[in-house]
Amino acid sequence: MYRTHNCGELSQKDIGKEVILSGWIKRIRNFGSLFFIDIRDYFGITQLIIYKKSVKKNLLLSKESIIRVKGKVVERLSKNYNLPTGEIEIYVSHIDLLNSSLSPPFTIEDKTDGNEEIRMIYRYLDIRRDPIKNNLIIRHNLTLETRNFLSKNKFLEIETPLLINYTPEGARSFVVPSRIYTNKFYALAQSPQLFKQLLMIGGIDRYFQIVKCFRDEDSRSDRQIEFTQIDCEMSFVEVHDILTFFENFIKHIFKKIKNIQLDSFPCISYYDAIKMYGTDSPDIRFGMSFVELNDLTKKENINFLKNQELVIGIKIRKCIYEKIDCFLKKIENKNFFWIKYLYDQTFLFSNQNFLNEEVIKIFIKYFKAVPGDFLFFSYGKKIKTREELGKIRLRIAEFLNLKNPKIFKPLWITDLPLLEWDEESKKYKSVHHPFTSPKEEDIYLLKKDPKNIRSKSYDLIINGIEIGSGSIRIHNKNIQNIIFKYLGLSKKEIESRFGFFIKAFEYGVPPHGGIAFGLDRLVNLLEGNKNIKNFIAFPKNNYGKDLMINAPSFLEKEKLKELHFR
Ligand code: ASP
């Protein structure tokens with residue numbers, strides 16, 4: 001028998017019992033004739049007290065070796081109330097070494113000296129540490145809650161194939177050569193998009209899947225080439241139905257996992273998000289939305305500024321000026337200016353010749369600024385000005401510590417453009433994907449102004465991070481064909497890539513729509529948004545490599561031949 005109990009469950013009530021425990025040696029403290037060992041398993045840590053005379057002479061006990069001990073539960077003299085087992089210890093009568101361990105390459109403690117690379121090479125050792133183990137537990141709880149919530153709401157979990165055909169979904173696909181069919185390839189699914197739509201055509205009213213997706217993109221710290229989505233689809237729904245249902249889903253998850261009651265999610269259009277925050281994924285934890293000043297500069301006849309395509313500003317309340325000075329030193333003097341309204345009611349402002357006391361007072365009044373406030377402005381061409389101030393807004397928030405990881409502010413961004421022009425390929429590209437429905441009222445723009453067509457799509461943004469995105473799908477064959485054509489696909493290409501899909505459109509497609517949430521990102525955000533890799537059991541590094549198994553790797557000639565590579 002390896003154990004009567006695990007290492008996390010014995011307490012005062014077990015005093016006097018004879019027990020057997022097995023686990024890894026976490027710590028050894030030697031006191032001459034006796035020593036203490038902390039033994040660890042998945043469930044916890046228990047302190048052992050061992051007299052040298054009860055240990056065989058040649059028994060080598062080292063950290064991370066696995067032992068089995070037999071002994072009696074006794075009351076501890078110096079209790080550790082931080083530990084569930086901290087009031088007892090095991091007076092060991094017999095000890096076996098089940099497996100020895102080399103000295104680990106980094107300390108297996110909550111705070112480790114191992115850098116990310118070494119921890120990824122020895123991931124199985126990293127998983128022994130509580131922070132990583134607990135992250136996997138949180139991830140498990142999140143997927144369990146998701147499954148329960150969606151199942152209770154009549155969603156069916158269905159697996160869809162991973163080995164599919166190459167389809168243009170925005171990103172590049174990984175391809176897998178076929179051994180049996182010379183020169184033919186599978187592609188790894190970027191998402192179950194078409195299959196979940198086919199499930200709706202198949203009459204499955206509500207589908208979900210916690211599913212691996214593969215995208216051959218440059219990895220980044222918040223993105224893995226292989227990642228997990230909570231993928232969902234519903235029939236007979238419009239945008240409003242999806243937003244209402246999944247707002248409740250996200251609220252449920254936050255309540256269950258974090259005990260946080262989220263407020264209702266604001267919903268703003270893509271166009272307004274760009275106008276108000278200079279980005280389609282705004283962080284709204286700290287206000288500071290853009291104020292447009294063109295009318296004001298014209299009305300007040302403010303030289304230079306009145307001729308700019310766009311002048312916008314933000315107000316930062318009750319500012320700590322030392323921090324702002326530090327920030328101002330770091331920004332280049334582009335098309336920006338600023339005003340400090342000091343507590344003694346005087347002003348300091350950036351050195352531009354269009355600024356003077358009179359102009360400053362106009363802005364102060366317009367912003368209803370009070371002493372202690374800081375105003376920051378940007379001017380120039382519309383797109384660039386918004387983009388630049390959007391970045392500055394985030395940097396100011398960082399400098400002033402306004403990005404509180406304990407506060408969560410979700411919002412929906414809706415009505416994203418359907419298409420965008422890609423200069424490189426000189427073609428239109430889908431902003432979401434080619435199956436996204438245009439808004440009915442914009443369909444007339446298809447011929448004359450495609451890039452201004454708004455789509456029935458939506459993103460869920462939390463604290464500036466895109467957590468989910470989806471759309472109502474096209475369920476009309478003609479519109480689907482028109483969109484394919486705008487994406488530069490010839491009739492032949494449509495037939496060869498999407499023939500099966502278009503064919504299904506002949507057999508009664510229900511109106512439908514869906515969404516997919518990034519599971520890795522969601523769990524990372526819930527836990528303070530530190531590092532997405534810490535929530536994945538076996539992650540890849542930022543360059544798409546698995547350092548533990550050393551993938552990707554070369555194939556032997558023989559294998560290449562079998563796959564028809566010469
Ligand atoms: N398939 C989409 C994606 O992976 C999500 C969706 O539209 O439901 O982004």
Side-chain angles (χ1 to χ4, degrees), residues 220-222 268-298 300 302-317 319-321 323-341 347-355 359-360 362-364 366-367 369 373-403 409 411 413 416-417 420-424 431 451-452 459 461 463-466:
R220 290 197 312 233
S221 58
D222 65 341
I268 63 174
S269 71
Y270 170 87
Y271 178 73
D272 284 343
I274 301 285
K275 248 180 104 169
M276 289 162 68
Y277 302 102
T279 169
D280 58 1
S281 47
D283 189 339
I284 55 166
R285 274 174 294 179
F286 39 83
M288 286 160 48
S289 58
F290 299 173
V291 178
E292 301 212 343
L293 301 161
N294 287 61
D295 289 348
L296 180 76
T297 53
K298 284 200 181 91
E300 300 288 347
I302 303 175
N303 267 339
F304 181 74
L305 290 178
K306 69 179 182 198
N307 299 325
Q308 297 301 317
E309 191 175 299
L310 185 69
V311 183
I312 43 179
I314 51 176
K315 176 167 78 176
I316 298 104
R317 309 227 58 169
C319 216
I320 301 162
Y321 282 131
K323 286 195 180 168
I324 277 296
D325 288 340
C326 214
F327 157 77
L328 287 172
K329 266 187 219 139
K330 297 217 160 143
I331 59 160
E332 292 145 44
N333 210 5
K334 284 197 201 144
N335 292 358
F336 301 130
F337 62 96
W338 51 264
I339 301 167
K340 281 184 197 173
Y341 191 4
F347 312 112
L348 281 179
F349 46 92
S350 52
N351 185 15
Q352 270 107 335
N353 45 23
F354 53 85
L355 290 183
V359 171
I360 299 299
I362 293 171
F363 285 129
I364 292 283
Y366 194 75
F367 274 88
D373 286 353
F374 175 68
L375 304 179
F376 193 90
F377 304 82
S378 175
Y379 59 86
K381 290 270 176 218
K382 265 189 189 163
I383 296 178
K384 187 128 198 259
T385 301
R386 286 183 176 135
E387 218 176 82
E388 296 279 345
L389 191 60
K391 285 185 200 147
I392 293 276
R393 176 179 171 273
L394 290 181
R395 280 175 65 193
I396 292 180
E398 232 146 67
F399 262 86
L400 299 180
N401 278 334
L402 302 176
K403 293 180 160 188
K409 291 268 182 200
L411 84 160
I413 303 289
L416 285 90
E420 66 187 342
W421 182 251
D422 182 35
E423 258 316 310
E424 215 175 286
V431 170
K451 69 175 184 316
N452 273 328
D459 288 345
I461 309 295
N463 297 359
I465 299 162
E466 187 190 305

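Owing to the predicted nature of the structure, the values given are computational and were not obtained by experimental measurement.
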So Asn463 and Arg285, side-chain contact (heavy atoms from CB on, under 4.5 Å) or not? Walk me through it.
-> CA-CA 7 Å; Asn463 297 359; Arg285 274 174 294 179; 3.4 Å; yes

When rounded to the nearest 0.5 angstrom, what distance separates CD1 in Ile413 from CG in Asp272?
-> 9.0 Å

If you measure from the Lys or Arg side-chain nitrogens to the Asp or Glu carboxylate oxygens, is any gap between Glu309 and Lys381 under 4.0 Å?
-> yes

Separation between CG of Leu375 and CZ of Phe349, rounded to the nearest 0.5 Å = 12.5 Å

Are the side chains of Ile324 and Lys340 in touch, meaning some heavy atoms are under 4.5 Å apart?
-> yes

Are the side chains of Leu389 and Phe376 in touch, meaning some heavy atoms are under 4.5 Å apart?
-> yes

Side chain to side chain, Asn335 and Thr385, heavy atoms closer than 4.5 Å = no

Inter-residue atom distance Asn303.CG - Leu355.CG, 0.5 Å rounding | 11.5 Å

State the CG-OH distance between Leu411 and Tyr277, to the nearest 0.5 angstrom.
-> 7.5 Å

Is any side-chain heavy atom of Lys315 closer than 4.5 Å to a side-chain heavy atom of Val291?
-> no

From Lys306 atom NZ to Asn294 atom CG, the distance as rounded to the nearest 0.5 Å = 13.0 Å

Check the angle between the aromatic planes of Phe377 and Phe363 and answer parallel, tilted or perpendicular using the 30° and 60° thresholds.
-> tilted

Side-chain donor/acceptor of Arg393 to backbone N/O of Asp283, under 3.5 Å | yes

Show your working on side-chain contact (heavy atoms from CB on, under 4.5 Å) between Phe399 and Leu328 and close with a plain yes or no.
-> CA-CA 10 Å; Phe399 262 86; Leu328 287 172; over 6 Å; no

OG-CD1 distance between Ser378 and Ile314, expressed to the nearest 0.5 angstrom = 9.5 Å

Could you give me the CA-CA distance, side-chain angles and deciding distance for Ile396 and Met288, then say whether side-chain contact (heavy atoms from CB on, under 4.5 Å) is met?
-> CA-CA 10 Å; Ile396 292 180; Met288 286 160 48; 4.2 Å; yes

Does any non-hydrogen side-chain atom of Asp373 lie less than 4.5 Å from one of Phe367?
-> no

Applying ring pair (Phe, Tyr, Trp, His ring centres under 6.0 Å) to Phe304 and not counting sequence neighbours gives Phe354, Tyr379

Glu424: what forms a side chain to side chain donor-acceptor pair (under 3.5 Å) with it, not counting sequence neighbours?
-> none

Around atom NZ of Lys409, are there more than 12 heavy atoms of other residues, nucleotides or ligands at under 6.0 Å?
-> no

Does Thr279 reach the side chain of Leu394, with side-chain heavy atoms less than 4.5 Å apart?
-> no

Non-hydrogen atoms of Gln352 and Ser350 that approach each other most closely = OE1-OG, 2.7 Å

Lys275 vs Lys382 side-chain heavy atoms within contact, under 4.5 Å | no

Leu305 versus Phe337: any side-chain heavy-atom pair under 4.5 Å?
-> yes

Ile383 atom CD1: more than 12 heavy-atom contacts under 6.0 Å = no

Shortest non-hydrogen contact between Pro417 and Lys451, atoms and distance | CB-O, 4.3 Å

Correct closest heavy-atom pair for Ile274 and Asp280 would be CD1-N, 3.8 Å

Output, in order, the C-alpha distance, side-chain angles, deciding distance and verdict of side-chain contact (heavy atoms from CB on, under 4.5 Å) for Phe286 and Ile316.
-> CA-CA 9 Å; Phe286 39 83; Ile316 298 104; over 6 Å; no

